[in-house]
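Quantities reported herein were computed from a predicted structural model and do not represent experimental measurements.
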Amino acid sequence: MIPTPTNPSDPPLPTAKMVVAKLDLFYGAFQALRQVTMPFAKNHITALIGPSGCGKSTLLRVLNRMNDLIPGVLVQGRVELDGLDIYAPATDVCELRTRVGMVFQRPNPFPLSVRDNVLFGLRVAGVHHRARLDETMERSLRAAWLWDNLKDRLHHPALELPLDQQQRLCVARLLAVSPEVILMDEPCSALDPIATAKIEELMLELKRDYSIVIVTHNMQQAARISDYTGYMLLGDMVEFGDTGRLFTNPADTRTQDYISGRYG
Amino acid sequence: MRISGDKIAKYVFLAIACSAIASLLLIALFILLEGLPFILRYGPWKFLSTSDWRPHEGAFGIAPMIISSLWITAGAMLIGAPLGVAGAVFLSEFVPKSVMCIIKPTIELLAGIPSVVYGFIGVMVLAPLIRTNLGGPGLSLLAAAVILGIMVLPTIISISVDAIGAVPNAFREGALALGATRWQAVRMVVLKAARSGIIASIILAMGRAVGETMAVIMVAGNTIRTPHSALEPVRTLTANIAIEMSAATGMHRQALFATGVVLFVVIMILNSLAMAAMRRKGGR
Ligand SMILES: Nc1ncnc2c1ncn2[C@@H]1O[C@H](COP(=O)(O)OP(=O)(O)O)[C@@H](O)[C@H]1O
Ligand SMILES: [Mg+2]
């Protein structure tokens with residue numbers, strides 16, 4: 001099932017890479033998501049905005065089943081990747097996570113060398129072919145605009161890099177496993193404005209090859225880079241639609257209040 | 001003039017702390033003063049590398065005891081380190097938090113069991129098992145290594161569990177988000193990040209094994225001889241001091257103190273290595 005945008009005046013949606021339909025999520029007795037329905041368009045950037053605690057990260061982590069790691073989580077509803085239910089019992093969760101990859105809020109490179117970070121995903125998948133590893137490492141570092149910076153420091157500890165390079169290394173490490181969807185949870189919140197601009201530019205470039213979902217509490221950022229935006233409040237998807245339209249002409253008064261700054 | 005209660009308490013605690021440190025320093029100084037002159041007079045190399053220990057004839061070579069101590073320690077680590085680290089990984093990564101909260105204090109309690117009890121179990125259970133299944137007298141290098149390997153488990157497990165628990169969850173999540181299984185995440189990231197703490201736990205355990213006396217006297221057999229097999233009875237440096245101290249006088253007594261100096265140095269080196277490893281936090 002393909003959900004339609006909340007607002008009928010939006011242009012028709014492109015192909016959906018992922019779809020969430022009638023999703024309820026419970027942390028034990030606490031319901032964190034309520035009947036959330038929205039598409040994530042292929043080769044576009046979809047932003048999730050809303051005040052802190054409204055369930056943005058929770059929704060993001062539904063898409064690669066990272067919530068499975070938290071004891072007592074219950075997910076109801078349908079989540080599709082290319083039309084297939086990712087919560088079906090037959091799903092290989094490890095494979096799913098290589099197709100739907102994630103960049104975290106705080107850069108979290110492993111305490112290994114730059115090279116071992118980038119190649120982690122391939123090694124996990126059992127790839128040991130030297131030429132293929134080298135080729136992938138260079139391609140991934142180039143795609144994350146790190147190759148020129150790091151090509152002479154491949155054996156340096158990743159944790160000694162500046163924060164923005166660490167975050168781009170996390171992107172490179174993800175690109176190395178050739179994901180189809182990239183989930184980013186406030187990827188710039190630990191970075192300064194210059195580093196943030198670099199990551200944003202990178203995302204705009206990456207959307208040609210990947211479908212991107214970004215959580216951000218920075219509305220300007222959502223307006224700058226995303227094609228579609230979902231506004232969430234207390235576990236509800238209040239409004240979803242074309243970013244330009246949602247920010248200029250919101251259909252819901254609560255969205256209006258939020259984007260005009262009357263909310264946290 | 002009035003002195004506040006706080007001030008008094010401060011000076012009282014300062015005095016207690018100073019006297020505690022002073023008494024430790026005095027002991028160290030006493031051992032050095034008693035042992036070092038002998039080592040210098042007898043010749044450090046002769047003392048450490050010759051194999052004749054015949055105190056009444058003035059022969060004081062401690063090589064067999066050094067070798068026995070090293071073999072027993074190595075054997076104990078061969079048994080204790082893999083078991084302890086595996087146990088720590090299992091407890092911290094694959095057991096629910098609630099269970100772990102019961103098991104970890106229980107394991108730490110095991111560290112409080114007096115070593116004479118471990119020795120007793122060694123004599124009653126382990127030595128006969130070795131005698132009947134593998135041969136030899138039973139009381140042997142192997143028996144001591146096994147008992148020490150078990151005795152150091154609480155040290156290794158509890159410090160390693162702390163080290164693994166201090167690994168930020170972000171590393172695990174990062175690994176899992178790249179398609180790793182739980183076990184791959186542990187093996188390829190968590191253990192690497194916790195490496196220095198785990199190494200420190202093993203070095204501290206080595207210190208304990210080198211210094212352990214009572215359990216070793218009970219199960220090692222105590223023959224002064226360079227061992228050629230794990231089934232032979234041996235005597236360690238610590239056992240030698242404990243066994244001969246009461247009857248020793250003169251040169252003999254000084255030689256035992258000198259043995260203490262050797263132990264003292266070995267354990268100081270091990271502890272500083274452990275401290276250096278712990279300070280060098282994860283993965284640098
Ligand atoms: N592991 C968890 N256990 C219980 N409640 C949680 C957990 N994670 C998040 N929550 C709750 O779910 C709600 C949504 O959280 P989250 O998705 O992190 O919000 P956001 O990312 O929008 O700030 C919050 O009320 C939060 O307290
Ligand atoms: Mg969040």
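- Looking at Pro71(A), there are no atoms closer than 4.5 Å to chain B (heavy atoms on both sides), in backbone or side chain.
- Formation of a donor-acceptor pair under 3.5 Å by the Ser23(B) side chain with backbone atoms of Ala20(B) is found in this model.
- For Arg173(A), the parts sitting under 4.5 Å from any heavy atom of chain B are the backbone and the side chain alike.
- Between Arg99(A) and Asp82(A) a salt bridge is recorded (basic side-chain N to carboxylate O distance below 4.0 Å).
- In terms of heavy-atom proximity, Thr58(A) sits nearest to Tyr27(A) at OG1-OH, 2.9 Å.
- The backbone N or O of Pro187(A) sits less than 3.5 Å from a side-chain atom of Gln167(A), completing a donor-acceptor pair.
- Proximity to chain B (any heavy atom under 4.5 Å) is shown, for Phe110(A), by both the backbone and the side chain.
- Here Ala177(B) is the residue among Ala177(B), Ala180(B), Ala185(B) with the most heavy-atom pairs under 4.5 Å with chain A.
- At a 4.5 Å heavy-atom cutoff, the contact between Leu174(A) and chain B is made by backbone and side-chain atoms alike.
- For the side chain to side chain contact (heavy atoms under 4.5 Å, CB included) with Arg65(A), the qualifying choice from Val62(A), Asp68(A), Asn67(A) is Asp68(A), the only one to do so.
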